[in-house]
Amino acid sequence: MKKTSNFLKNITGSLAIATFLALAMSGMAFWSARQTLEINRQINKNLETLNVLKSISIALKDTERLQRQYLLTKNQNTLSIFEVWMTDIDREMRQLQALLKDNPKGQAASKRLEAFTIRQRQKLRQGIKLRETKGMNAAIDRSPTLLLDEATLLMQEIGAIETVGLRQRQKAVTNTATQGMTNFVMGTILNLAIILWIYNLIYKEILKRNQAETDLQESNETLQEQSNLMNLILNSMSDGLIVADEKGQFLIFNLAAEEMFGKGFTESKQEEWSEEYGLFQSDRVTPFPTAEIPLVQALQGKQVSNVEMFVRHNKAPEGIWVTVSSAPVKDDNGALKGGVAVCRDISDRKSAELEILQAKEAAEVANRSKSQFLANMNHELRTPLNGILGYAQILQRDPATTAKQMKGLAVIHQCGSHLLTLINDILDLSKLEVQKMDLYPQDFHFTNFLITTVEICQIKAEQKGINFHYHPAANLPTAVYADDKRLRQVLLNLLSNAAKFTDFGSVTFKVEVVDSEASDRATSARIRFEIEDTGIGIPPEKLQSIFLPFEQAGKRDRNSEGTGLGLAISQQIVLMMNSSIQVNSTLGKGSTFWFEVDLPIANDWLAQSTSANQKVIGYQGERRKILVIDDHRENRAVIIGMLEPLGFKMAEADDGQTGLDKALQMRPDLIITDVMMSKMDGLEMTRRLRELPDFVKMPIIASPASLSQVDMQEVIAAGCNSFFPKPIEFTGLLGELQRHIELQWIYETAAKAEELSATVSDLLDWVVPPKEELAVLYRAAQDGFMADIQQEANRLKQLNPLYATFTNKILELSQKFDDEAILSLLEKNYIEQV
């Protein structure tokens with residue numbers, strides 16, 4: 001560095017000496033050159049003055065020519081150009097005066113020229129105005145004709161003055177320039193030689209420094225631009241960005257982060273961040289632990305994602321929700337250099353989630369209330385329906401019932417069944433809403449199933465006076481495996497709708513096998529069910545909406561029947577069978593509904609030999625004991641009234657605990673129990689019985705009323721053998737008994753009816769309770785209260801098994817509502833004892 005400094009000093013000193021000598025030698029040359037330059041400047045001014053005079057002369061000629069052209073043609077474009085040239089003459093006259101301001105003679109001549117041109121241009125404009133007002137001839141006569149001649153004389157005078165001055169200056173400049181240039185050239189050559197030699201030495205040295213400074217400046221400018229751009233990007237981000245070094249000192253804290261946390265850079269320690277920035281856990285009360293802060297974890301080399309925290313500070317007193325993701329920052333060698341955290345305001349999302357949660361909770365509460373209401377109403381409705389339908393079936397089996405009474409009972413049973421259908425529709429809808437509807441397939445006789453379904457709908461068609469056609473295919477399978485109750489529900493709904501919306505014509509029901517070629521060797525058959533009617537039809541815009549809940553396509557008078565749920569539920573059932581109901585309809589001509597389902601063939605099914613027209617009057621073998629457990633007396637009475645006349649030994653209990661005690665006491669052959677009961681429900685009772693060795697295999701039938709609160713799988717899991725809901729259907733109940741305790745039924749024939757009468761007449765050898773026990777029964781018979789009679793008879797039967805024959809006779813007569821026979825029997829035995 002010292003060597004370089006000495007070198008620069010020597011070079012500088014030599015340069016100063018050489019420059020002084022060169023300047024001294026070239027001083028005179030410089031003065032001569034300056035004089036030459038001044039003379040040349042004056043020469044250029046003379047030349048410029050001559051050029052301006054020439055331009056003015058040309059402009060004046062063009063002006064006069066354009067004026068005459070306009071007078072002849074009256075062309076507006078020519079007039080516009082004329083005005084432009086007039087403006088140029090003014091400008092050039094001002095320029096001429098500026099050039100002649102140092103020349104008195106030329107200045108005087110230029111003023112005369114200017115005054116002359118002004119007067120003549122005014123005359124030119126007057127000629128243009130005359131052309132516009134008085135015509136071309138008047139304008140031409142008044143136009144000036146001596147303009148160019150007079151102006152030329154004045155310009156020649158000025159030109160002569162300038163030409164004389166020009167020649168004098170040219171001669172002077174030649175002499176001065178020759179002498180000055182000689183001295184200047186010699187001095188310049190010497191000066192340049194010295195300067196080039198010296199500067200050539202120092203050029204290379206300073207060039208490197210200049211380049212280094214330039215590179216450094218460019219680098220600083222680039223760095224500054226990049227820094228400004230990064231700050232602009234960071235501050236325009238909607239997400240907060242925080243960067244800290246390995247010591248926890250903040251390096252970056254963008255505007256979004258400052259808004260979220262109420263402040264930016266601070267010198268606080270990591271342990272103070274939660275308090276400094278108002279960080280809380282999800283409960284919005286507990287401060288966020290320092291070790292769990294995402295940025296702290298990043299500074300420890302850990303990476304975390306979407307950590308939720310609640311932030312409250314002076315600028316956000318109500319608080320905001322943010323999610324923070326963080327990651328460590330490492331160099332190429334893997335050394336930790338700091339951490340970065342990205343924050344996002346999720347207050348809107350949390351608010352929406354809270355609203356959704358509150359709405360969901362409210363909906364769940366409403367749904368539970370609705371489900372509870374449906375369950376309660378279902379239970380309350382099905383319990384009296386069980387009594388209505390049950391006793392309608394009991395009375396229809398009574399030989400003493402007249403034909404007129406049978407018709408009335410049929411109406412009662414039909415109305416009760418219709419009401420049951422409405423209840424089931426509402427219950428099925430509630431099941432569909434929570435997706436709890438299930439299919440429970442079993443083997444059944446397919447032909448008999450179709451015939452009974454047709455018979456139900458045929459009655460309604462006959463009542464309306466329309467034809468009902470049933471066309472089963474010849475190759476239908478004998479028995480299939482499916483949920484016959486749900487399939488019947490779908491068919492009854494479609495057939496009932498067809499009859500309801502048909503006033504004239506017919507309803508046609510077709511059942512056929514779609515794939516007839518493979519039906520003989522296949523394990524399943526694809527069955528097509530088709531219902532066609534000639535009714536009112538469905539408008540095209542309603543073809544899809546009819547499958548929605550509470551949608552009905554007919555008019556108000558027709559829609560008064562049903563709930564509007566049948567098609568919606570039927571479609572859902574068919575969808576569960578992996579198919580769907582299709583429809584074609586023409587308004588005013590009729591509709592066709594159809595669906596196809598794959599039904600497994602029940603090859604091992606044994607056809608039932610029992611005739612549907614035969615009446616069961618008893619069973620073979622020893623008497624079987626059946627325990628009925630239900631918290632509603634009328635439900636127990638229906639089952640007892642159905643089964644006791646057939647010879648079963650019946651017992652009853654009003655809750656699960658009492659039923660458990662009676663089961664342990666009497667060891668029944670079969671138990672029929674309700675599910676939902678006070679004290680102990682039927683499922684809990686079943687579980688306890690199954691824990692006892694003697695009751696492991698004893699058949700237990702669950703017969704609930706509130707289907708919405710009972711799951712069949714739960715019933716089976718508790719230990720029940722089958723599921724037979726209320727209202728009780730007599731034929732189905734007999735089928736359940738035969739399946740579980742292997743009964744052989746005795747059917748009524750003419751001969752057996754006579755034998756039965758003889759047997760009844762011989763039942764006089766019975767044990768009659770004492771008069772004290774008969775008093776309540778006798779008063780109930782006198783008042784005609786059948787329910788009290790049955791209750792008291794059952795009490796007497798439980799009091800002493802020897803009274804069973806007598807009380808069974810009383811119960812048999814009470815089921816026939818034969819109060820006179822009961823009173824006659826009691827009077828005979830009661831009065832005799834008195």
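Counting begins at 1 with the first residue of the sequence.
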D655/T658 under side-chain hydrogen bond (donor to acceptor under 3.5 Å, both in side chains): CA gap, chis, key distance, verdict: CA-CA 6 Å; D655 62 70; T658 306; 3.1 Å; yes
Chi angles and distances behind the ring-ring contact (aromatic ring centres under 6.0 Å, His included) call for F593, F529: CA-CA 8 Å; F593 288 81; F529 300 90; over 10 Å; no
L737/F648 under side-chain contact (heavy atoms from CB on, under 4.5 Å): CA gap, chis, key distance, verdict: CA-CA 11 Å; L737 297 179; F648 291 98; 4.1 Å; yes
Working for salt bridge (charged side-chain N to carboxylate O under 4.0 Å, His left out), residues K500 and D533: CA-CA 10 Å; K500 179 170 71 172; D533 65 65; over 6 Å; no
Pair V511-H471, side-chain contact (heavy atoms from CB on, under 4.5 Å): steps then yes or no: CA-CA 6 Å; V511 185; H471 300 298; over 6 Å; no
Chi angles and distances behind the side-chain contact (heavy atoms from CB on, under 4.5 Å) call for F724, L733: CA-CA 8 Å; F724 192 72; L733 179 60; 4.0 Å; yes
Trace of the side-chain contact (heavy atoms from CB on, under 4.5 Å) decision for I671 with I626: CA-CA 6 Å; I671 295 177; I626 297 179; over 6 Å; no
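Between the side chain of S579 and the main chain of E596, a donor-acceptor pair closer than 3.5 Å is present. A donor-acceptor pair under 3.5 Å links the side-chain atoms of H445 to the main chain of N448, judged by distance alone. Under the 3.5 Å distance criterion, the side-chain polar atoms of Q571 are matched with a main-chain donor or acceptor of I581. The backbone N or O of E652 sits less than 3.5 Å from a side-chain atom of K662, completing a donor-acceptor pair. Side-chain N or O atoms of K679 include none that pairs as donor or acceptor with a backbone N or O of G656 at under 3.5 Å. Using modelled atom types, one side-chain atom of T534 and one backbone atom of F504 make a donor-acceptor pair closer than 3.5 Å. Y619 places a side-chain N or O within donor-acceptor distance of the main-chain N or O of R624, the cut-off being under 3.5 Å. A donor-acceptor pair under 3.5 Å links the side-chain atoms of S585 to the main chain of I538, judged by distance alone.
Side-chain contact between L646 and L734 is present, with at least one heavy-atom pair separated by less than 4.5 Å. With a 4.5 Å cut-off on side-chain heavy atoms, R667 and D694 count as touching. For the pair D630 and K726, the minimum side-chain heavy-atom distance is below 4.5 Å. Put simply, the side chain of F595 reaches to within 4.5 Å of the side chain of V490, judged on heavy atoms. Residues P600 and T523 fail the side-chain proximity criterion, which asks for heavy atoms closer than 4.5 Å. For the pair F509 and V454, the minimum side-chain heavy-atom distance is below 4.5 Å. H469 places none of its side-chain heavy atoms less than 4.5 Å from the side chain of V507. Counting heavy atoms from C-beta outward, F446 and D484 have side chains that stay 4.5 Å or more apart.
Here the straight-line distance linking atom CD of E353 with atom CD of E355 works out to 11.0 Å at 0.5 Å rounding. Distance check: R687 CZ to C720 SG gives 9.0 Å after rounding to the nearest 0.5 Å. The CG atom of D674 lies 10.5 Å from the CZ atom of R636; values are rounded to the nearest 0.5 Å. For the atom pair OG (S703) and CD1 (I639), the distance works out to 5.0 Å, reported to the nearest 0.5 Å. One finds the CG atom of D598 at 8.0 Å from the CG atom of N578 (value rounded to the nearest 0.5 Å). Separating the OG1 atom in T453 from the CD atom in Q489 is a distance of 12.0 Å, to the nearest 0.5 Å.
Residue V715 comes nearest to S722 through the heavy atom pair CG1-O, 4.4 Å, listed as atom of the first residue, atom of the second, then distance. Pairing each heavy atom of L599 with each of A482, the nearest pair is CD2-CB, 3.9 Å. Of all non-hydrogen atoms in R623 and G647, the two that sit nearest each other are NE-O, 2.8 Å. T502 and A498 get closest at one heavy-atom pair: OG1-O, 2.5 Å. Heavy atoms only, all atoms of each residue included: V513 and N475 are closest at CG2-O, 3.6 Å. Nearest heavy atom pair, residue F695 against residue L689, reads CB-O, 3.2 Å.
For Y481 and F444, the distance between ring centers is not under 6.0 angstrom.
Side-chain contact annotation: S570 with Q572, donor-acceptor N/O pair under 3.5 Å absent. Side-chain atoms of E532 and T508 form no donor-acceptor pair, as typed in the model, at a separation below 3.5 Å.
Looking at E691 and R688, no side-chain N of the basic residue comes within less than 4.0 Å of a carboxylate O on the acidic one, giving no salt bridge. The existence of a salt bridge linking D654 and R633 is excluded, since no basic side-chain nitrogen approaches an acidic carboxylate oxygen closer than 4.0 Å. Between K625 and D669 no salt bridge is recorded (no basic side-chain N to carboxylate O distance below 4.0 Å).
Considering L670, L627, T686, I629 in turn, T686 is the only one that fulfils the side-chain contact (heavy atoms from CB on, under 4.5 Å) rule with I700.
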